[in-house]
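First up is the structure itself, then whatever we jot down about it.
Order of the sequence lines sets the chain letters (A, B, ...), proteins ahead of strands, with each chain counted from 1.
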There are 2 protein chains.
Amino acid sequence: MRDTGMGAGLGGESLLFLTDEQLRQGIEAMFFAYRGFTADPDRILTDMEYGRAHHRAVHFINRAPGTTVNNLLNILGVTKQSLNRVLRTLIADGLVESRVGHSDKRERHLYLTDAGRALEQQLSDAQRARMRTAFREAGPDAVGGFRRVLEAMMDPEMRRAYARLKENGT
Amino acid sequence: MRDTGMGAGLGGESLLFLTDEQLRQGIEAMFFAYRGFTADPDRILTDMEYGRAHHRAVHFINRAPGTTVNNLLNILGVTKQSLNRVLRTLIADGLVESRVGHSDKRERHLYLTDAGRALEQQLSDAQRARMRTAFREAGPDAVGGFRRVLEAMMDPEMRRAYARLKENGT
DNA sequence: CAGCTTACGTCAGTGTTGTTGACATTCCAA
DNA sequence: TTGGAATGTCAACAACACTGACGTAAGCTG
């Protein structure tokens, strides 16, 4: 762990800091913030035939074009049957394209079509706008802390998936 | 907005900071972290007959004992039909008590029973443990940033609800 | 008091999203 | 080549959200 990196002088203070009340406030902050986080895309999606699951699929396909169903499954943390229902409608509506794997024909590689990219853009614009406002309001210093705490809150497996996507984007 | 509060000297840097890539990473961090955030209570709840909705109800009733149904509705952001289904089972199972209002007899005031408090304790222990570990790992400085960004991400209405609960806990 | 509103509960119907179970196809290795 | 593992699809079901409609009790107001 990185506890030692905090310096000995902070030991007492950090213990004092983590009162039950502070932790409870952190929990509630996560709850309320996540609501805000999903509110804008949700509004857009309900007008269409889609839900939050479609948003997630579109987001990560855009993020890692050519990804396989199995890979997407691990990232999203749902069963393949659940994902498949979503993918089926997205493919039927011409937002996602599924190409049979070249080397392994069992695999399907997923890509956004132009229409899919347009939807992703619309959804992500709304979500990024809120994130941008929040980052600006909280100040540059806060953003690092925000990201560090969130990363530490992830399950190790998800943490690795997150890191892989970060590299992807660079 | 509070943009001006950041000082003129940070303008360029903050603009540089908020690249699309940074924002997308923030979005993905929220997604993965929220999964971790709910994972432990979810595991406990599936063993019982309950779901995440029951957890939320129990959490906020514990947090604001004597709260009314209407108040809880606003905090949770669900329909009364949806909340009622949850409350009905919790009351039937003896985890929540519903008392008719003293001054306004239309209102029902909600309290946890001893059994309800026990469940809340069990769930919140797990969730707080993860939060504590994350806070420790990220360091004391990060916690402030974490909270500031989350608060800025909330809808104004939820922000007020959050602030009210914070005062409650003090 | 009469009529309107508020707070709460409930019944019925629907949609999204998760689950398990069963199955087809493809790959690979014994 | 045969059997097992991996990948993906189809079908049925459960949880939990939603809307809409209705009923009851209590408060408020003219």
Side-chain angles (χ1 to χ4, degrees), chain A residues 31 34-35 38-39 41-61 66-93 95-111 123, chain B residues 31 34-35 38-39 41-58 61 66-93 96-111:
Chain A
F31 173 70
Y34 197 77
R35 284 255 296 284
T38 56
D42 280 357
R43 254 189 299 276
I44 296 171
L45 287 160
T46 47
D47 293 345
M48 319 176 173
E49 296 279 283
Y50 299 132
R52 207 175 284 180
H54 300 82
H55 179 196
R56 292 196 282 256
V58 165
H59 173 98
F60 285 109
I61 293 173
T67 187
T68 63
V69 172
N70 216 1
N71 186 22
L72 199 51
L73 233 51
N74 292 327
I75 289 177
L76 295 177
V78 295
T79 59
K80 59 182 178 175
Q81 295 89 331
S82 195
L83 174 60
N84 186 259
R85 180 171 356 98
V86 168
L87 283 180
R88 206 185 325 171
T89 68
L90 288 173
I91 291 169
D93 295 352
L95 300 181
V96 168
E97 193 187 349
S98 166
R99 297 184 204 156
V100 174
H102 22 284
S103 61
D104 189 335
K105 287 177 185 166
R106 291 172 302 180
E107 295 180 340
R108 301 288 184 276
H109 296 275
L110 303 169
Y111 301 87
L123 294 171
Chain B
F31 172 70
Y34 198 77
R35 284 256 297 283
T38 57
D42 280 357
R43 255 189 298 276
I44 296 172
L45 287 161
T46 47
D47 293 345
M48 318 178 173
E49 295 280 284
Y50 299 130
R52 206 176 285 181
H54 300 82
H55 180 196
R56 292 197 282 258
V58 164
I61 293 173
T67 188
T68 63
V69 172
N70 221 353
N71 187 21
L72 199 52
L73 235 52
N74 291 327
I75 290 177
L76 295 177
V78 296
T79 60
K80 63 176 178 178
Q81 294 92 328
S82 201
L83 174 59
N84 188 259
R85 181 176 355 104
V86 168
L87 282 180
R88 208 184 326 176
T89 68
L90 289 174
I91 291 169
D93 295 352
V96 168
E97 193 188 349
S98 167
R99 298 185 203 154
V100 174
H102 22 284
S103 61
D104 189 334
K105 288 177 184 166
R106 292 172 304 178
E107 296 179 338
R108 300 293 136 82
H109 298 276
L110 303 170
Y111 300 88

A:Thr68 side chain: which of D:dG8, C:dG9, C:dC8 is closest?
D:dG8
Contact letters for nucleotides 21-30 of chain D, in which S counts primed atoms plus P, OP1 and OP2 and B counts the base, heavy atoms under 4.0 Å:
B---BBS---
What contact category does B:Glu49 fall into here, base, sugar-phosphate, or nothing, at under 4.0 angstrom with non-hydrogen atoms?
nothing
Indicate whether OP1 or OP2 belonging to D:dA15 is found under 4.0 Å from a side-chain N or O atom of B:His54.
no
Which label fits B:Tyr111 and B:His109: parallel for a plane angle under 30°, tilted from 30 to 60°, or perpendicular past 60°?
tilted
Calculate, to the nearest 0.5 Å, the distance between atoms CD1 and CZ belonging to A:Ile75 and B:Arg35 respectively.
9.5 Å
Heavy atoms from C-beta onward define the side chain here; which of D:dC16, C:dT10, C:dT17 lies closest to that of B:Arg88?
C:dT10
Give a yes or no on whether a donor-acceptor pair under 3.5 Å exists between the nucleobase atoms of C:dG9, that is its base, and the side chain of B:Arg108.
no
Atom CG of A:Leu87 and atom P of D:dT9: how far apart are they, to the nearest Å?
7 Å
Does A:Thr79 have a side-chain nitrogen or oxygen under 4.0 Å from the phosphate oxygens OP1 or OP2 of C:dG18?
no
Without decimals, in angstroms, what is the distance between A:Leu90 CG and C:dT16 P?
12 Å
Within this structure, what is the CG-to-C1' distance between A:Leu73 and D:dT7, rounded to whole angstrom?
10 Å
Hey, does the side chain of A:Asp93 reach the backbone of A:Leu95 with a donor-acceptor pair shorter than 3.5 angstrom?
no
Which of these, A:Leu87, A:Asn70, A:Leu73, sits in a side-chain contact (heavy atoms from CB on, under 4.5 Å) with A:Lys80?
A:Leu73
Identified side-chain contact (heavy atoms from CB on, under 4.5 Å) counterpart of B:Leu72 within the set B:Leu76, B:Val69, B:Thr68, B:Asn74:
B:Leu76
Taking only the side-chain nitrogens and oxygens of B:Asn84, find out if one of them lies under 4.0 Å from OP1 or OP2 of C:dT10.
yes
Look at all strands and tell whether A:Arg52 reaches a base, only sugar-phosphate, or nothing, counting heavy atoms closer than 4.0 Å.
sugar-phosphate
Rounded off to whole Å, could you give me the CG-to-P distance for the A:Asp47 and C:dT16 pair?
13 Å
Can you check the B:Ile91 CD1 to C:dC8 P distance for me, whole Å?
12 Å
Could you give the CZ-to-P distance, from A:Arg43 to D:dC18, as a whole number of Å?
14 Å
Whole Å only: how far is the OH atom of A:Tyr50 from the C1' atom of D:dC18?
20 Å
B:Ser82 side chain, from C-beta outward: closest of D:dC18, C:dA7, D:dT7:
D:dC18
Could you work out which one of C:dT10, C:dA7, D:dT7 sits closest to the side chain of A:Asn70?
D:dT7
Which value, rounded to the nearest 0.5 Å, describes the distance between A:Ile61 atom CD1 and A:Leu90 atom CG?
6.5 Å
Using a 4.5 Å cut-off on heavy atoms from C-beta on, say whether the side chain of B:Thr38 contacts that of A:Phe31.
no
With sugar-phosphate meaning primed atoms plus P, OP1 and OP2, does A:Gly77 contact a base, only sugar-phosphate, or nothing at under 4.0 Å between heavy atoms?
nothing
So CZ of A:Arg108 and CD of A:Glu97: to nearest 0.5 Å the spacing works out to 13.0 Å
What is the distance from CG of B:Asn71 to C1' of C:dC8, rounded to the nearest Å?
14 Å
